[in-house]
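Report on one structure; see the data block that follows.
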Amino acid sequence: MDSSAFPWLCHLSDDQAYEFLGELIEAAQDAGTCTAFLSRLDALVPAWKVTAEALS
């Protein structure tokens, strides 16, 4: 999967990429505020990036 926002996404399997995107959607739905969503995003993205880089 190619993404300019998440260039490391291509290193994940399709299932992993869908899991990451699902977590982003869930975080956006559950956050309640933009600030809360950004806090969750700040936690999710680095964790998934490390996973993707380990697979590359």
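Atoms considered below: every heavy atom in the structure, side chains included; atoms not considered: hydrogens, waters and symmetry mates. If you read the sequence from its start, that first residue is 1, and numbering goes on from there. What you are looking at is a predicted structure, and each value in this text was computed from that prediction instead of being measured.
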Provide the closest heavy-atom pair for R40 versus A27 in the form atom of the first, atom of the second, distance. CG-CB, 3.3 Å

Residues which pass side chain to side chain contact (heavy atoms under 4.5 Å, CB included) with S3, listed by chain and number, not counting sequence neighbours: A5, F6, L9

Measuring only between side-chain heavy atoms, which start at C-beta, is V45 closer than 4.5 Å to W8? yes

With a cut-off of 3.5 Å and sequence neighbours excluded, list every side-chain donor-acceptor pair involving residues 16-24.
unit_1, atom_1, unit_2, atom_2, d
Q16, OE1, S13, N, 2.9
Q16, OE1, S13, OG, 3.3
E23, OE1, W48, NE1, 3.2

Contacts table for residues 28-37: side-chain donor-acceptor under 3.5 angstrom, sequence neighbours left out:
unit_1, atom_1, unit_2, atom_2, d
T33, OG1, A36, N, 3.0

Should L38 and L44 be counted in the same cluster of Ile, Leu, Val, Met, Phe, Trp and Tyr side chains packed under 4.5 Å apart? yes

With T51 via side chain to side chain donor-acceptor pair (under 3.5 Å) - residues at least two apart: none

